[in-house]
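Structure, as structure tokens:
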There are 2 protein chains.
Amino acid sequence: MYLNRRDERLSKQEMGRPPKFSRDQLQAAALAIVDEQGLGALTMRSLAARLGTGPMTLYNHVADRADLDLLVVDAVLAEVTVPRRRGGWRARLEAIATELWRVMRAHPAAVPLVLTRRSRSPAVLDVAEALLDALARGGFAGRDLLVAFRSVTAFLAGFAQVELAGPLATTAGEPAGEVIARVRALPAERYPHLHDIAAAALRSDPEAEFRDGLRRFVAGLAPSGR
Amino acid sequence: MYLNRRDERLSKQEMGRPPKFSRDQLQAAALAIVDEQGLGALTMRSLAARLGTGPMTLYNHVADRADLDLLVVDAVLAEVTVPRRRGGWRARLEAIATELWRVMRAHPAAVPLVLTRRSRSPAVLDVAEALLDALARGGFAGRDLLVAFRSVTAFLAGFAQVELAGPLATTAGEPAGEVIARVRALPAERYPHLHDIAAAALRSDPEAEFRDGLRRFVAGLAPSGR
DNA sequence: ACCTGAACACCGTTCAAGT
DNA sequence: ACCTGAACACCGTTCAAGT
């Protein structure tokens with residue numbers, strides 16, 4: 001009887017206690033680990049330790065390990081602030097793409113996750129809708145819009161990725177000069193053009209490369225006019 | 001003395017025995033696991049088991065777990081047969097890109113690895129050089145060539161990735177109709193364009209989307225003319 | 001030179017119990 | 001409703017030993 005009454009009290013007060021951590025707290029802690037120590041350092045146990053609790057506590061907030069990756073993706077994309085609508089559709093498209101590029105470069109270790117994990121959070125969907133809106137203003141619709149959207153996100157995702165893992169990418173901490181030196185050590189008669197761009201990469205910076213590539217890409221975009 | 005002589009014999013005969021597995025065998029086995037059971041199923045132990053040996057044996061052929069990922073990347077890219085050189089540079093660029101696209105779609109589970117892991121094997125460098133060669137024939141050189149190359153690989157890597165993990169991507173085994181249904185369950189006034197392309201995706205096929213996107217992209221490419 | 005078993009530190013997660 | 005420790009199956013890798 002007494003126990004029963006106590007159980008009832010518990011079910012309304014102590015049992016219905018507020019969550020110990022908010023989703024924002026988890027996101028911030030998870031992203032901090034990735035930023036500071038790399039992707040490999042993010043584990044259920046490391047995140048729990050950083051929050052000052054045991055591993056099992058996390059299962060009150062995420063379904064499993066895969067959910068933890070989504071936490072990081074959402075944390076990164078939440079930093080995107082969709083720019084105000086002004087200018088033509090090309091300018092708007094460039095502005096959103098540039099903002100996305102900025103955010104990804106701010107969290108290079110998280111990029112593989114952003115490119116690889118599928119999240120349906122508002123943070124992700126809002127950015128997608130903003131890109132689509134810019135294209136729609138350019139006259140794209142239906143399948144035309146679909147293809148253009150896939151192309152733009154492809155370009156964006158790819159550019160971030162290529163800088164990270166392409167043949168000219170630098171490993172974490174490795175000076176760019178060494179990578180280029182390694183490319184130059186390859187047989188020149190077999191890889192003449194790789195030599196060429198390695199030399200160019202030495203004098204270029206990724207920011208400007210992205211801007212040029214993006215501008216050229218956007219300039220070439222046009223609805224099929226069917 | 002006798003033992004010494006025996007040791008010498010061993011060092012020339014039994015000790016210098018040929019490797020138990022070739023690199024090709026490791027590559028094929030690793031890729032088979034990924035193709036059949038997904039990325040998560042590839043472990044040192046699972047690969048060893050498939051080869052009928054113990055986990056430690058693998059360390060005679062790869063440096064560590066990360067090396068195992070490179071094995072898969074190289075196995076996939078080794079399937080690329082660079083098309084014969086003919087036609088204009090745009091046609092050639094499209095041909096190589098299409099071939100790469102074909103190979104990646106043949107191993108969808110391996111795509112995240114291909115996009116994310118850096119390999120410097122000839123398989124990878126040869127494809128890069130072929131793309132560069134096509135662009136060079138189009139008049140690109142130096143920094144121009146660098147930017148164009150990054151853009152093309154970006155487009156390619158991104159397109160494969162977007163189909164795999166973009167907002168309209170299907171999880172392994174999940175019918176495309178369900179994904180689209182889920183998008184349509186979103187508030188239409190907030191995501192009007194996502195609704196639009198979801199409907200278009202229902203009637204489209206990725207092959208044709210890639211071809212259209214690629215053609216449009218290549219058509220827009222041109223050296224800066226400085 | 002190449003192979004291999006035992007052992008270790010670490011991981012995600014199930015289970016059962018606590019408030 | 002939310003928290004948590006013990007325990008389990010699994011992982012990559014070190015070590016030492018074998019041919």
Practice task
Would you kindly say whether B/Asp126 and A/Tyr191 are connected by a side-chain donor-acceptor distance under 3.5 Å?
Solution key: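 There is such a pair (donor and acceptor under 3.5 Å, judged by atom type) between the side chains of B/Asp126 and A/Tyr191.
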Between [atom2] on [N] and [atom1] on [X], what's the gap in Å once rounded to a whole number?
X	N	atom1	atom2	answer
B/Leu51	C/dT4	CG	C1'	15 Å
A/His61	D/dA1	NE2	P	15 Å
B/Leu47	D/dG12	CG	P	10 Å
A/Lys20	D/dT4	NZ	C1'	9 Å
B/Leu68	D/dC11	CG	C1'	13 Å
A/Asp69	C/dG12	CG	P	10 Å

Handout entry: Heavy-atom closest contact (B/Leu31 atom, B/Ala110 atom, distance)
Key =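 Shortest heavy-atom contact: CD1-CB, 4.5 Å.
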Exercise for the section: Could you note down all residue pairs passing side-chain hydrogen bond (donor to acceptor under 3.5 Å, both in side chains) where residues 146-160 of chain A supplies at least one of them, sequence neighbours left out? Expected result: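 For residues 146-160 of chain A, and leaving out neighbouring residues, the side-chain hydrogen bond (donor to acceptor under 3.5 Å, both in side chains) pairs sorted by first residue read A/Arg150-B/Glu209.
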Report, one pair per line, the protein and nucleotides 13-17 of chain C atoms (nitrogen or oxygen only) whose separation is under 3.5 Å.
from: C/dT13; atom 1: OP2; to: A/Tyr59; atom 2: OH; distance (Å): 2.7
from: C/dT13; atom 1: OP2; to: A/Arg65; atom 2: N; distance (Å): 2.9
from: C/dT13; atom 1: O5'; to: A/Tyr59; atom 2: OH; distance (Å): 3.3

Exercise for the section: Can you tell me which stems DNA chain C forms, taking runs of 3 or more consecutive Watson-Crick or G-U pairs with both distances under 3.5 Å? Expected result: C:4-8 with D:12-16, C:12-16 with D:4-8
Exercise for the section: Report which part of the nucleic acid A/Thr43 touches: base, sugar-phosphate, or nothing (heavy-atom distance under 4.0 Å, all strands). Expected result: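 Touches sugar-phosphate only.
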Exercise for the section: Kindly indicate whether the side chain of A/Leu58, heavy atoms from C-beta on, has any atom under 4.5 Å from the side chain of A/Phe21. Expected result: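 Not touching, per the 4.5 Å side-chain cut-off.
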